[in-house]
Amino acid sequence: MARGKLRIHLGAAPGVGKTYAMLSEAHRRVGRGTDCVVGFVEHHGRPRTEVMLHGLEQVPRRELEYRGGVFPEMDLDAVLARRPQVALVDELAHTNVPGSRNAKRWQDVEELLAAGIDVVSTVNIQHLESLGDVVESITGVRQQETVPDEVVRRADQVELVDMTPEALRRRMAHGNIYQPDKVDAALSNYFRPGNLTALRELALLWVADRVDAHLTQYRSEHRVSAIWGSRERIVVGLTGGPEGRTLIRRGARLAEKGAGGEVLAVYIARSDGLASASPKELAQQRTLVEDLGGTFHHVVGDDIPAALLAFARGANATQIVLGSSRRKTWQYVFGPGVGATVARESGPDLDVHIVTHDEVAKGRGLPVARGARLGRSRRVWGWIAGVAGPPLLAALLSIVDLGLANDMLLFLALTVAAALLGGLLPALASAAVGSLLLNYFYTPPLHRWTIADPKNIVAIVIFVAVGVAVASVVDLAARRTHQAARLRAESEILAFLAGNVLRGETGLEDLLERVRETFGMESAALLERAGDIEPWTCAGRAGRGRPVERPDQADVDIPVGDHMALALTGRVLPAEDRRVLAAFAAQAAVVLDRRRLQEEADRARMLAEGNRIRTALLAAVSHDLRTPLAGIKAAVTSLRSEDVEWSEEDRAELLGGIEEGADRLDHLVGNLLDMSRLQTGTVTPLIREIDLDEVVPMALGGVPEGSAGLDVPETLPMVAVDPGLLERAVANLVENAVKYSPPGEPVLVAASALADRVELRVVDRGPGVPDEAKERIFEPFQRHGDAPRGVGVGLGLAVARGFAEAMEGTLNAEDTPGGGLTMVLTLRAAGPRPELQPAAEPERQAS
């Protein structure tokens with residue numbers, strides 16, 4: 001049975017019209033006679049979407065019971081039994097209610113496709129599994145319902161349903177997406193312009209990458225070698241020289257001029273690896289390319305122009321950027337150079353830019369790696385073969401007469417063996433001794449240092465030349481092999497070191513332990529001192545060897561700057577090992593500096609926290625103590641007055657006011673004393689799990705009746721807070737909001753859950769605050785616009801923010817949609833309630 005085809009309508013956010021577009025596609029297919037049914041479509045109460053369901057056959061849903069509730073799900077068996085040509089299945093990332101056949105809806109879709117049924121579905125970009133962390137960093141919401149990227153990538157068609165953030169917010173404000181009571185919260189949270197713009201960019205880039213992949217596949221299948229300039233791709237050719245950074249920046253500027261421009265920096269390396277560029281320079285250029293948004297590529301090729309053009313055409317590049325040659329004038333006799341060759345052979349579809357730079361005509365000057373030393377035993381055997389071998393061979397040949405030609409070949413073979421064992425110098429010694437023996441014993445006149453026949457002179461000269469040449473090649477090959485093995489080991493060590501840095505594994509003791517293990521030492525320690533005459537101290541140590549108090553006591557010491565050194569004990573390391581060891585020493589110093597900077601930052605944060613709490617404390621004393629004290633004083637003065645005869649009811653009322661004020665003062669002073677001790681670390685807020693509806697109503701007791709409304713759902717998770725601090729913070733926020741709300745416009749106090757947090761929003765319809773003043777209003781004794789006392793934002797906001805941050809929460813100001821100011825108090829949720837039902841609508845969760 002042929003597998004069904006999958007068509008996906010991809011959107012950037014809920015409400016862009018994915019379901020509407022899917023239903024429109026269904027009506028189009030039904031109109032042309034296609035058997036199309038609705039497997040599952042959720043209209044979310046949107047009238048226009050609900051209307052689009054009219055006229056389409058809907059497979060009855062299956063209802064499942066879970067934790068006392070009944071939830072509708074797609075009846076997969078019914079759809080399979082119906083066997084339509086096309087099935088509409090909404091919300092591909094949806095999590096099925098426990099008890100369903102599959103855990104995820106995309107798995108239901110896979111069964112329909114396997115049965116030969118075409119499926120049209122929808123999904124939002126934030127539900128792709130690979131983008132979970134990115135979406136969370138943008139929106140603050142961790143998507144619990146995801147679909148593997150491969151499922152979406154395997155779709156036969158992916159259609160982007162796009163809408164600008166402004167248009168989407170207008171749809172939201174008009175009530176076309178959510179119910180009116182949820183519009184304000186949605187516009188202020190998930191549907192912020194910045195969030196929507198970032199999600200839209202993610203969707204556009206994802207679809208663009210998919211289109212680009214399809215284009216590359218098409219060009220490969222149809223063997224299209226011509227370049228299609230669908231977008232600017234700039235290939236920057238690098239040699240590893242210092243001019244590379246200039247070329248990369250020029251290529252980035254060219255890419256910026258075209259829509260969707262891309263920079264690809266490429267370094268062409270010889271296949272034998274003998275002529276290599278500076279690794280340090282290439283690493284810096286790689287970093288620069290990636291910082292500018294490009295990619296770095298390492299390509300092997302002996303014909304550099306051909307390899308560069310092949311790479312450019314394979315990447316569908318439109319331009320190549322090369323630097324002017326660094327060769328001197330006389331070097332052009334060997335050829336026109338890479339730039340001229342690439343420009344000549346690029347053809348009409350590739351533009352080649354030759355960029356001038358400061359290194360033009362100065363010569364290459366690239367560093368050449370030094371040969372590695374051979375082992376001691378090999379050199380000893382090489383000298384034995386080169387010096388003692390020729391006399392022994394001459395003694396053997398004195399017994400058997402093989403002729404001058406064969407004798408010379410045997411001496412040449414001995415020279416090659418000396419080169420293989422000991423390198424160039426033993427081979428040269430073998431060639432010299434062998435030539436003298438050939439002259440004395442085998443070249444007429446015999447037993448004399450003269451040669452009668454000129455042909456024999458030529459033969460011996462050729463023997464020496466061939467011996468030296470072969471010895472040089474063999475020696476070079478042996479050294480290169482030894483060097484390659486060593487460099488491979490060094491690269492593995494440095495790659496591990498770089499990986500630790502990238503993964504954030506910055507423990508000093510762990511790094512020193514790695515140094516000790518890598519070099520087979522007994523101990524490794526990082527020593528430092530404050531000045532030239534100060535004693536050395538140990539900043540970190542690993543291993544069980546003898547303790548080292550000064551660098552000169554160690555077997556190996558690597559200085560790091562003027563007042564730091566890496567000291568190792570156990571054995572003396574060869575000089576070539578110190579190069580890699582120096583990289584470890586530098587990284588150890590960086591780790592130590594980073595650790596101390598983190599400690600300094602922590603101390604600075606604690607000082608700042610103490611200053612903030614002190615400021616909040618002073619603000620609370622001056623702002624909140626005055627009102628109850630004034631009420632108590634007025635009541636006491638009235639009771640003591642002899643001019644008025646108070647009735648029993650009046651006296652009871654005044655005494656009740658005194659008692660209420662005293663209780664309020666006692667409660668507030670207790671909280672303030674805790675806050676004052678908080679900055680010294682002797683007391684922490686009494687954090688416990690509590691329901692918001694136990695605290696928030698108490699905070700509204702200080703405002704006139706009817707001036708504030710409360711919306712705290714019972715299904716909210718509990719919060720981890722100090723109830724006293726939370727009550728004071730909310731009371732200050734509500735009092736401030738009531739103060740600035742117009743008459744007849746009550747303040748709304750609403751709470752909602754958002755991932756692992758709970759947000760409490762205090763919404764007013766007052767004049768609002770400009771964006772540039774939204775942070776300033778939280779500073780103590782600062783009034784917006786330098787308004788006179790009694791007008792503007794009071795000190796209560798500074799107190800509220802201080803209390804919120806002491807409970808590991810946040811307090812921020814936002815604009816109220818339609819005018820006004822919204823205070824958003826974010827608290828840490830204590831954990832999900834066990835009785836809560838699982839989420840079944842990812843789009844409603846996202847908002």
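Below, all heavy atoms of this structure are taken into account, side chains as well, without hydrogens, waters or symmetry copies.
Partners of Glu600 by side chain to side chain donor-acceptor pair (under 3.5 Å), not counting sequence neighbours, listed by chain and number: Arg603. Asp602 is linked by a salt bridge (charged side-chain N to carboxylate O under 4.0 Å, His left out) to nothing, counting only residues two or more places apart in sequence or in another chain. With sequence neighbours excluded, no residue satisfies side chain to side chain donor-acceptor pair (under 3.5 Å) with Arg286. For Glu110, the salt bridge (charged side-chain N to carboxylate O under 4.0 Å, His left out) criterion is met by Arg3, Arg154, not counting sequence neighbours. Glu775 is linked by a side chain to side chain donor-acceptor pair (under 3.5 Å) to Arg801, counting only residues two or more places apart in sequence or in another chain. Taking Thr295 as the reference, Leu264, His297 meet the side chain to side chain contact (heavy atoms under 4.5 Å, CB included) condition, with sequence neighbours excluded. With sequence neighbours left out, Ala542 forms a side chain to side chain contact (heavy atoms under 4.5 Å, CB included) with Leu512, Glu513. Annotation: side chain to side chain contact (heavy atoms under 4.5 Å, CB included) contacts of Asp351 (sequence neighbours excluded): Gln319, His353. The salt bridge (charged side-chain N to carboxylate O under 4.0 Å, His left out) search around Arg192 returns Glu814, not counting sequence neighbours. The side chain to side chain donor-acceptor pair (under 3.5 Å) test applied to Asp303 returns no partner, not counting sequence neighbours. Applying the salt bridge (charged side-chain N to carboxylate O under 4.0 Å, His left out) criterion to Glu166, with sequence neighbours excluded, gives no partner residue.
Taking every heavy atom of both residues into account, Thr197 and Pro165 meet most closely at OG1-CG, 3.5 Å. Taking all atoms of both residues into account, the shortest heavy-atom contact from Ala252 to Val263 is CA-CG2, 3.8 Å. Taking every heavy atom of both residues into account, Leu10 and Val158 meet most closely at CB-CG1, 4.1 Å.
Looking at His9, its side chain never comes within 3.5 Å of a backbone N or O of Leu160 through a donor-acceptor pair. In terms of modelled atom types and a separation under 3.5 Å, the side chain of Thr318 and the main chain of Arg233 share a donor-acceptor contact. Here the side chain of Asp156 pairs no donor or acceptor atom with the backbone of Arg7 at under 3.5 angstrom.
Annotation: side-chain hydrogen bond (donor to acceptor under 3.5 Å, both in side chains) contacts involving residues 337-346, sequence neighbours excluded, are absent.
Judged by distance alone, the side chains of Gln143 and Thr139 never bring a donor and an acceptor atom under 3.5 Å apart.
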